[in-house]
Protein chains: 2
Amino acid sequence: MSVGHTAVTTRRPVVWCDDGVDCGIRDLLNRLGDRWSVLAVVELAQGVRRFRELQRALPGISQRMLTLTVRRLERDGLVSRTVHPTVPPQVEYELTPLGHSLTHLVRAMVDWSYSHHDAIVTSRREWDEANPGSEIR
Amino acid sequence: MSVGHTAVTTRRPVVWCDDGVDCGIRDLLNRLGDRWSVLAVVELAQGVRRFRELQRALPGISQRMLTLTVRRLERDGLVSRTVHPTVPPQVEYELTPLGHSLTHLVRAMVDWSYSHHDAIVTSRREWDEANPGSEIR
DNA sequence: CAGTATCCTGAAAGATACTG
DNA sequence: CAGTATCTTTCAGGATACTG
């Protein structure tokens with residue numbers, strides 16, 4: 001099976017395989033595209049974190065969303081979860097090798113957004129001035 | 001103003017500036033995190049596309065969502081829109097330099113997800129087997 | 001501390017119809 | 001062809017309360 005995005009001769013969609021099956025980009029986006037996953041990965045790239053530490057590192061996240069976020073990352077194999085059977089309980093989260101292989105990408109995203117944020121904000125302001133009353137936001 | 005992610009000595013959140021203001025990663029994720037923006041950018045990275053071409057390249061997208069997607073990318077300064085006053089109308093979309101500066105990143109995301117999709121699928125299957133009946137998906 | 005269990009709301013996205 | 005205009009649905013995420 002060949003992959004569209006390796007060929008430059010085609011005009012067909014570049015992120016879909018020849019058989020029409022998604023090669024994974026949708027899976028990645030569905031995970032990283034949510035409100036907290038990237039922020040969690042960035043924080044965990046710094047080292048091991050406990051549940052509470054992670055929550056403090058992600059200002060505004062609810063307990064529920066933190067649980068969902070780390071569970072899904074764990075399910076995808078990006079994060080490992082270690083329970084120490086103490087009282088009170090202590091649970092540590094850590095990036096797996098797979099998770100670490102993502103950090104270059106995530107770092108690049110953070111850097112890009114940091115570098116170009118001003119340009120985007122400016123572009124939006126100009127667009128909004130040129131399109132008063134638009135529903136687009 | 002210093003930025004958290006440039007310092008390794010801090011344990012504070014790395015993607016937030018010292019003053020607590022988001023440095024732009026959220027803006028990027030809010031745009032790229034939606035259902036179609038990345039796919040549109042990847043397709044436009046191949047060259048100029050008309051509205052219909054873009055729609056055909058994004059199987060499943062509705063007319064409404066394509067309009068919203070390209071408008072928002074245009075507003076952010078990632079895509080330019082050129083109207084040729086012909087009958088029938090002809091509108092061409094193209095990445096701006098800012099948009100092109102994103103393609104490395106998007107390409108890297110597509111490559112990463114292509115390389116690691118199998119590992120993720122496997123991890124999910126194993127996790128699901130180890131956690132029967134879980135709500136996490 | 002590290003979670004579950006419920007309930008609820010708003011925004012994103014789909015469906016459908018219409019138009020210059 | 002390249003859009004608007006509406007209406008409807010879905011569901012991610014927030015709020016709150018409770019627990020081993």
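Chain A is the first sequence line, chain B the second, and so forth, proteins listed ahead of strands; every chain is numbered from 1.
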Inset, instruction - Ignoring backbone atoms, test whether B:Arg50 places a side-chain nitrogen or oxygen under 4.0 Å from the OP1 or OP2 oxygen of D:dC1. - result: no

Inset, instruction - Would you please confirm or rule out a distance under 4.0 Å between OP1 or OP2 of D:dC11 and any side-chain N or O of B:Arg35? - result: no

Pair up each side-chain donor or acceptor in residues 65-74 of chain B with any protein partner under 3.5 Å, not counting sequence neighbours, and list the distances.
| unit_1 | atom_1 | unit_2 | atom_2 | d |
| --- | --- | --- | --- | --- |
| B:Thr67 | OG1 | B:Gln63 | O | 3.0 |
| B:Thr69 | OG1 | B:Met65 | O | 2.7 |
| B:Arg71 | NH1 | B:Tyr93 | OH | 3.4 |

Inset, instruction - For B:Gln90 and C:dG20, give me the distance from atom CD to atom C1', rounded to whole Å. - result: 16 Å

Inset, instruction - Drop me the distance from A:Leu102's CG to B:Ile120's CD1, to the nearest 0.5 angstrom. - result: 7.0 Å

Inset, instruction - For the helix from C:dC1-D:dG20 to C:dG20-D:dC1, figure out the bend between the end axes, five pairs an end, and round to 10 degrees. - result: 60°

Inset, instruction - Mind checking side chain to side chain contact (heavy atoms under 4.5 Å, CB included) for A:Asn30 and listing every partner two or more places apart, or none if nothing turns up? - result: A:Arg26

Inset, instruction - Please state how far atom CZ in A:Arg72 lies from atom C1' in D:dC11, giving the value in whole angstrom units. - result: 11 Å

Inset, instruction - Please identify each residue that fulfils side chain to side chain contact (heavy atoms under 4.5 Å, CB included) with B:Val87, with sequence neighbours left out. - result: none

Inset, instruction - Go through the structure and list residues passing salt bridge (Lys or Arg N to Asp or Glu O under 4.0 Å) with A:Arg35, not counting sequence neighbours. - result: none

Legend entry - Spacing of B:Asp34 atom CG relative to C:dG14 atom C1', expressed in whole Å: 14 Å

Inset, instruction - Compare side-chain N and O positions of B:Arg52 against OP1 and OP2 of D:dC1 and report whether any pair is under 4.0 Å apart. - result: yes

Inset, instruction - List in chain and number order the residues that pass side chain to side chain donor-acceptor pair (under 3.5 Å) with B:Ser37, two or more places apart in sequence or in another chain; answer none if no residue qualifies. - result: B:Asp34

Using a cut-off of under 3.5 Å, enumerate the N/O to N/O pairs linking the protein to nucleotides 3-6 of chain C.
| unit_1 | atom_1 | unit_2 | atom_2 | d |
| --- | --- | --- | --- | --- |
| C:dG3 | OP1 | A:Arg71 | NH2 | 3.1 |
| C:dG3 | OP1 | A:Arg81 | NE | 3.4 |
| C:dG3 | OP1 | A:Arg81 | NH2 | 2.5 |
| C:dG3 | OP2 | A:Tyr93 | OH | 2.5 |
| C:dG3 | N7 | A:Gln63 | OE1 | 3.2 |
| C:dG3 | N7 | A:Gln63 | NE2 | 2.8 |
| C:dG3 | O6 | A:Gln63 | OE1 | 3.1 |
| C:dT4 | OP1 | A:Arg71 | NH2 | 3.2 |

Legend entry - A:Ile136 CD1 to C:dA12 P, straight-line distance once rounded to whole Å: 11 Å

Legend entry - Separation of atom CG in A:Asn30 from atom P in C:dA13, rounded to whole Å: 11 Å

Legend entry - Within-4.5 Å side-chain heavy-atom neighbours: B:Ser134 and B:Trp127: yes

Inset, instruction - Apply salt bridge (Lys or Arg N to Asp or Glu O under 4.0 Å) to A:Arg75 and list each qualifying residue two or more places apart in sequence or on a separate chain. - result: B:Asp128

Inset, instruction - Please report, rounded to the nearest Å, how far the P atom of C:dA13 is from the CD1 atom of B:Ile61. - result: 9 Å

Legend entry - Interatomic distance where CG belongs to B:Leu68 and P belongs to C:dA12 [whole Å]: 10 Å

Inset, instruction - Using side chain to side chain contact (heavy atoms under 4.5 Å, CB included) as the criterion, list what pairs up with A:Ala119, not counting sequence neighbours. - result: B:Leu98

Inset, instruction - Calculate the interatomic distance between A:Gln55 atom CD and D:dA15 atom P; express it in whole Å. - result: 12 Å

